[in-house]
Every structure is written in C-alpha cells, then in structure tokens.
*Asks:* 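Okay, handing you the structure first.
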Amino acid sequence: MIDSNIKFTCRDVRVHYGDFEALHGIDIDIPDRGVTAFIGPSGCGKSTFLRTFNRMNDTIDGARVSGQILMDGQDIYDKNLDPVLLRAQVGMVFQKPNPFPKSIYDNVAYGPRIHGLTSSKAELDALVEKSLRRAGLWDEVKDRLKLSGTGLSGGQQQRLVIARAIAVDPEVILMDEPASALDPIATAKLEALIEEIKERYCIIIVTHSMAQAARVSDKTAYFYMGDLIEYDDTDKIFTNPGDSRTQDYITGRTG
Amino acid sequence: MGHISIYMILLIAVLTVGGFFYNKSSALNKFRQARAAAGGKMALSSWHSQASYHGYFTAWLVGLATLAVFIIGLFIQGSGTGFNALWLAAMILTGLAVIILTGRQVSGQFRARTYVERFIKGLLIFLSVIAVLTTLGIIASLLFESLRFFKEVPFTDFLFGLQWSPQTALRADQVGQSGSFGAIPVFAGTFLIMVVAMSIAGPVGLMIAIYLTEYATGTVKKWVKPAIEILAGVPTVVYGFFALLTFAPFVRGFAESLGFSVPTQSALAAGVVMGVMIIPFVSSLSSDVINAVPQTLRDGSYALGATESETMKKVVFTAALPGIIGAFMLAISRAIGETMIVYMAAGKAANLTANPFEAVTTVTVQIVSLLTGDSDFDSAKTLVAFALGLVLFIITLLLNVVALTVVRRYRAKY
C-alpha cells in the first residue's frame with residue numbers, strides 16, 4: 001500500500017542506545033509536502049527519532065534502530081541500501097550552524113561536487129546561485145562568495161547550511177532545532193524561508209518552541225518519554241488536543 | 001660560605017614561618033576584641049583583611065628582609081667559613097624587628113590582603129622575567145661569540161662557502177691546515193637528513209593520526225596509542241645505535257645487492273631512523289588537531305551524503321590543515337636539532353651532496369665534534385660552533401614563528 005501523499009511510513013520504530021531504549025515503538029505517517037513538527041520536553045526522543053530518517057544514528061556507537069521506516073514504500077533500513085545515497089535525498093540542518101571552514105561558494109558546491117551533479121563550472125555556478133537564492137541568502141552574499149562561510153552571522157550561517165542541503169536536491173529536509181542558536185530576527189527570517197520552501201520539500205522540524213511549531217508546521221507530533229503521544233493537524237493540536245498530556249505540555253503545565 | 005649558609009637559610013625559614021603565625025594570631029585576637037567591642041555586629045568596612053593575610057604580609061617582609069641580610073652577609077664575609085656572630089645577630093634582630101613592626105600595623109584598616117596580592121604578583125613577574133632573561137642571555141652569548149668568529153672569518157665565507165674543514169693550526173710551526181669554514185655542506189647535510197626524516201614521519205604520522213581518530217575502534221586505540229607513545233619514549237641514543245648497528249648495514253647491504261658501493265654511515269640510515277623517532281611527534285600532534293575538528297562538521301558532511309573518506313579528505317582534513325602544518329613545522333625543527341642519531345649514523349664527512357646514500361654531516365654533529373676533545377676556546381675552530389649554533393637557532397626560530405603564524409592566520413573558525 002503506497003499512498004502518494006505519504007513520504008514516510010513508520011511502524012514500531014525503536015531506538016536503543018546500548019541497553020537504553022530511547023524510543024518505544026513509534027507509528028507515524030509523515031506527509032509528502034509541508035512541514036511536520038516534533039515537539040516535546042528535552043530527552044523525549046524527538047531528535048533521536050528525527051535522526052532515524054537519514055540514518056544519522058548509524059554514526060553513533062552503540063545506537064540500534066529496529067522496526068520499519070518506509071520512504072516512498074522503500075525500507076530505508078534495508079541491508080542493501082547505502083545510507084550515503086539515502087542522505088543525499090534526506091538533507092539535514094542541525095541545531096548549531098555548521099558551515100564548513102571553506103568559502104561560501106564551496107560550502108554550497110560541496111554536495112553537488114561529491115555526488116557529481118554538475119558537469120561544468122557554469123552549471124555548478126548556476127546551481128550554487130539557485131540554491132542560495134532559494135535559501136534567501138543570495139542578495140546578502142553574492143559579492144563575497146569567495147569569503148569563508150564561517151564569517152557569516154549565525155542566522156546567515158543557518159541559511160547557508162540550508163542552501164547547502166538544497167543544493168543536492170533532496171526530497172526531505174530534516175531540521176533539528178534549527179533556530180535554537182538564533183536571535184528573534186534571524187529566527188523570523190528562517191521561518192519565512194521554511195514557509196517559502198515547504199511546497200517543494202517534505203520538511204520535518206524538531207523544535208523546543210511551541211510557538212514556532214504553531215507558526216510553521218502543518219502537522220505536529222507530541223513526544224513524551226520515548227512515546228508518541230499525539231499526532232494531528234497543528235491547528236487541532238494547539239486548539240483542541242485529544243490527550244490531556246499534550247494539553248498540559250502546550251499550556252505550559254509540564255515540560 | 002660552606003655549611004653555615006645552610007643554617008642561615010634554615011633560620012630565615014624559621015623566622016618567616018614564626019612571623020606568619022605570630023601575626024596571624026595577633027590579628028585574630030585584635031579582630032575578636034574589635035568584634036566584642038562592637039557587640040558582635042561589625043560594620044563591613046571596619047575590618048579589611050582576614051587574619052591569615054596579616055600573617056602572610058609579615059612572612060613576606062620577614063623573608064625578604066632576612067634574605068637581604070643573608071646576601072649582604074655573604075658578600076661581606078666573602079670566602080671565610082668561620083662562625084660569624086655579627087651576621088647571626090643581624091639576621092635575628094632584623095627578623096624580630098620586622099615581625100614587631102608589622103605586628104603594630106595590624107588593624108581593621110590595614111589592607112594586608114592587597115599588599116600580599118601585590119607581592120605575589122611581583123613574584124610571578126620576577127619568575128617570568130628570569131625565564132626571558134635566560135633566553136636573552138643564551139642568544140647574547142651565541143651572538144657575541146659568533147661576532148668574534150666573524151672577525152677572523154668573513155661572514156660571507158662562512159655562510160656561502162662550499163668547503164668545510166674546520167682544522168686550524170694550533171701552533172705556528174704546524175703545516176697546512178689553514179681551515180676553511182664554508183657552512184653550506186653542513187647545512188645541506190642537515191637539510192638532506194631532515195627531508196629524508198620528514199618523508200618518513202610526515203605521511204606515516206599523518207596516516208596514523210587519521211586512522212586513530214577516525215577509523216580505529218576502541219580496542220585498537222587502547223593498544224596502538226600507547227605502543228606509539230613508547231616510540232616517543234625511546235632515548236635518542238638507542239635510536240642512534242639502532243641506526244648505526246642495525247639499519248645502516250641493512251641499507252648498505254641493500255645498495256650493494258643493487259650493485260652500488262656505499263659507506264656504512266649514510267644520510268639515508270640516519271634520516272630514516274630519525275623519521276621513525278619523530279613519527280609519534282607528528283601523529284600525536286596531528287591527532288590532537290584532527291580531534292579538535294567538531295563533530296558537527298562531520299555530521300554536516302555525512303548528512304549531505306558524503307562517505308567517511310570524502311568527509312575525511314574534504315572537510316576534516318581541510319579544517320585541520322593549519323594545525324597539521326604547524327605540527328609538521330615543529331617536527332622539522334625537532335629533526336634539525338636532533339644530534340645523537342646523526343652523530344652516530346650519518347658520518348662526519350662534510351660532503352656536499354644530494355645523494356642520501358652518501359655520508360653527510362650536520363650542524364649538530366659538527367658542533368659536538370668541534371667542542372669536544374682538545375680545543376682552545378679562542379680559536380676559530382671552536383668559535384665557529386657558536387656561529388653554527390646561532391644560524392641553527394635562527395632557522396628553528398623562524399620555523400616556529402612561521403608555524404605559529406600559519407596556525408593562527410588560517411585557524412578555522414568552526
């Protein structure tokens with residue numbers, strides 16, 4: 001059963017760090033377009049769950065994922081699937097902006113270069129420009145593409161990282177608390193950017209800010225202690241949650 | 001001098017410690033009286049320093065004053081060894097006088113802590129000045145002795161001469177041996193051995209560092225790291241005779257099997273063994289640098305679909321490059337300054353050659369052989385050692401400065 005509106009189908013997903021079970025069997029369907037937000041108190045497993053979608057947990061010693069995650073009907077934990085190829089389709093933006101200590105241009109060109117996406121310098125130039133434009137950064141950096149990406153401000157760095165992810169033309173963009181290191185103005189710009197690109201990508205965002213989840217997301221999932229408590233349209237979650245624990249969290253009584 | 005000084009130093013210690021406890025307790029008493037007088041509740045401003053600071057203040061002054069008396073006494077007494085009652089009396093009286101005078105100072109208003117902190121700051125400055133002065137002294141002595149050498153041998157002959165045979169006639173009737181001090185062959189030898197050593201230590205050390213930081217599992221790390229560090233702990237003289245007795249004959253045998261005739265001592269034998277010696281130096285410095293590259297950068301690269309090796313080559317390595325260059329520079333200055341291995345395995349013939357199978361000599365080897373054995377410290381033969389040392393010092397200094405600048409200029413802001 002492949003529903004074309006569903007990007008990820010997760011069934012009984014469990015993650016262990018050594019003997020500790022961080023996620024206790026998550027079932028969730030993530031839509032193909034738009035923004036899905038994961039909220040919940042610290043340590044609830046939302047970031048861990050996010051990292052299962054591009055198999056970043058593979059890089060952590062002792063982390064083990066069980067259960068089933070299908071992307072467009074294909075099991076991404078299939079033994080024959082190379083996580084490297086998966087990650088080219090599932091981009092990720094981290095909590096702390098992490099531009100490489102290279103020029104702005106080289107940061108964006110990094111992915112296309114390793115995947116051999118372009119065949120000429122002109123094509124690469126065009127791709128870099130397109131990605132930077134889409135990330136809303138082009139006008140700010142077009143005159144200093146050769147300068148180091150680490151010299152930008154925090155908000156610019158985060159948009160550069162998004163441009164870098166966009167450049168490899170992914171279908172999914174995972175965002176792990178992308179605004180937690182940014183000031184309110186940079187956060188607003190970032191949210192505007194998410195709003196703008198969400199028609200094109202499946203975006204999953206982990207956030208600590210409930211206001212942010214309410215502003216940017218179409219669907220919201222509330223996690224608590226390694227369980228998925230509630231998952232519904234964002235409007236419904238924030239106005240009329242079905243579970244009292246969700247209610248407590250969004251009204252600030254817990255978490 | 002003699003054993004009496006030891007007793008005098010003990011006396012200084014006793015007076016100092018005594019002064020500390022005497023004034024600490026007297027300060028404590030005065031504080032309690034003041035508190036009792038104020039009915040147990042004192043204004044914050046009425047007592048500045050804690051009792052122990054009054055004690056430290058006294059101890060500092062007693063220590064300095066008695067030390068001054070001790071040093072003056074040493075000068076007056078000169079080399080006499082007898083017991084000097086006047087000296088002893090002066091010492092004790094000074095100590096007691098300072099204790100009593102500072103004891104009178106003790107009050108709530110006296111800022112003992114401020115003074116003690118100033119003393120300590122002074123001490124720290126004094127100690128760092130000593131270190132700097134020592135360095136300056138060494139440089140000055142190198143410089144002045146070199147200048148004496150350059151009075152006898154022109155500067156350009158030394159720096160650009162191609163002939164090195166530093167034997168001069170000690171007596172007027174000796175024949176020949178006018179000596180020539182062209183340092184080029186000596187520096188060329190040093191450079192050749194450094195190149196051989198770095199071509200071993202550079203790649204091997206770097207690969208070890210990359211393997212240990214990025215690929216090795218916990219158990220491998222646990223065994224390999226200490227094993228490499230043992231290499232660093234081997235005394236250089238052991239490397240030296242390993243080079244001379246084991247590796248050099250092997251090199252010669254190998255060359256002979258190819259039909260070449262080479263001497264036992266060669267730049268290759270010394271250079272390779274020196275390279276092995278500095279492998280741990282390169283690998284541990286580089287692995288520190290590679291470790292310092294934040295995990296978030298690696299994650300960022302993996303998340304874009306890069307493999308481990310792409311991440312290593314294009315992100316981690318470039319981010320760590322300035323540090324790695326710095327590590328190489330430090331390793332080079334280590335290789336240039338190394339003496340024992342080359343002394344034993346490289347030979348002493350000052351051949352100007354780029355062939356690593358030939359025997360060459362290095363700056364350090366020449367300095368050792370010039371200054372050991374019969375020598376007269378005024379002849380050009382010994383003075384040239386200072387000139388060699390000076391140039392070597394300038395080279396390693398420049399290398400270190402360049403290394404530090406490179407590291408600082410290109411240090412990646414992660």
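Order of the sequence lines sets the chain letters (A, B, ...), proteins ahead of strands, with each chain counted from 1. Quick note: numbers below take in every heavy atom, side chains included, and nothing from hydrogens, waters or symmetry partners.
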*Asks:* Just wondering, do A:P99 and B:L297 contact through their side chains at under 4.5 Å, heavy atoms?
*Replies:* no
*Asks:* Checking A:L85 against chain B: side chain, backbone, both or neither under 4.5 Å from a heavy atom?
*Replies:* neither
*Asks:* Between A:Y110 and B:V315, is there a side-chain heavy-atom distance shorter than 4.5 Å?
*Replies:* yes
*Asks:* Is it the backbone or the side chain of B:T217 that comes under 4.5 Å from a heavy atom of chain A, or both, or neither?
*Replies:* neither
*Asks:* If you count heavy atoms of other groups shown closer than 6.0 angstrom to CG of A:D78, is the number above 12?
*Replies:* yes
*Asks:* Would you say that more than 12 heavy atoms from the other residues, nucleotides or ligands in this model lie under 6.0 Å from the CG of B:L136, or not?
*Replies:* yes
*Asks:* Can you tell which part of A:R51 gets under 4.5 Å to a heavy atom of chain B, answering side chain, backbone, both or neither?
*Replies:* side chain
*Asks:* Checking heavy atoms, do the side chain of A:F100, its backbone, both or neither come under 4.5 Å from chain B?
*Replies:* both
*Asks:* Nearest 0.5 Å please: distance from the OG1 atom of A:T59 over to the CZ atom of B:R298.
*Replies:* 11.0 Å
*Asks:* Does any heavy atom of chain B fall under 4.5 Å from the side chain of A:V93, the backbone, both, or neither of them?
*Replies:* neither
*Asks:* With a cut-off of 6.0 Å (strictly less than), are more than 12 heavy atoms of other residues, nucleotides or ligands near NZ of B:K121?
*Replies:* no
*Asks:* How close do A:K102 and B:K314 get, counting heavy atoms only, and between which atoms?
*Replies:* NZ-O, 2.7 Å
*Asks:* For a quick test of reading the model, state the closest non-hydrogen atom pair linking B:A303 to A:M92 and the distance between them.
*Replies:* CB-CB, 3.7 Å
*Asks:* Under 3.5 Å, is there a donor-acceptor pair between the side chain of A:H115 and the main chain of B:A306?
*Replies:* no
*Asks:* Are side-chain heavy atoms of B:L304 and A:R87 found at a separation under 4.5 Å?
*Replies:* no
*Asks:* Would you say OH of A:Y77 has more than 12 non-hydrogen atoms from neighbouring residues, nucleotides or ligands within 6.0 angstrom?
*Replies:* yes
*Asks:* Counting only heavy atoms not in A:K198, do more than 12 sit closer than 6.0 Å to its NZ atom?
*Replies:* yes
*Asks:* In this structure, are over 12 heavy atoms from other groups packed under 6.0 Å from A:R33 atom CZ?
*Replies:* yes
*Asks:* Count the heavy-atom pairs under 4.5 Å between each of B:T307, B:T296, B:D299 and chain A, then report the option with the highest count.
*Replies:* B:D299
*Asks:* So with a 6.0 Å cut-off around CD of A:E123, is the heavy-atom count from everything else above 12?
*Replies:* yes
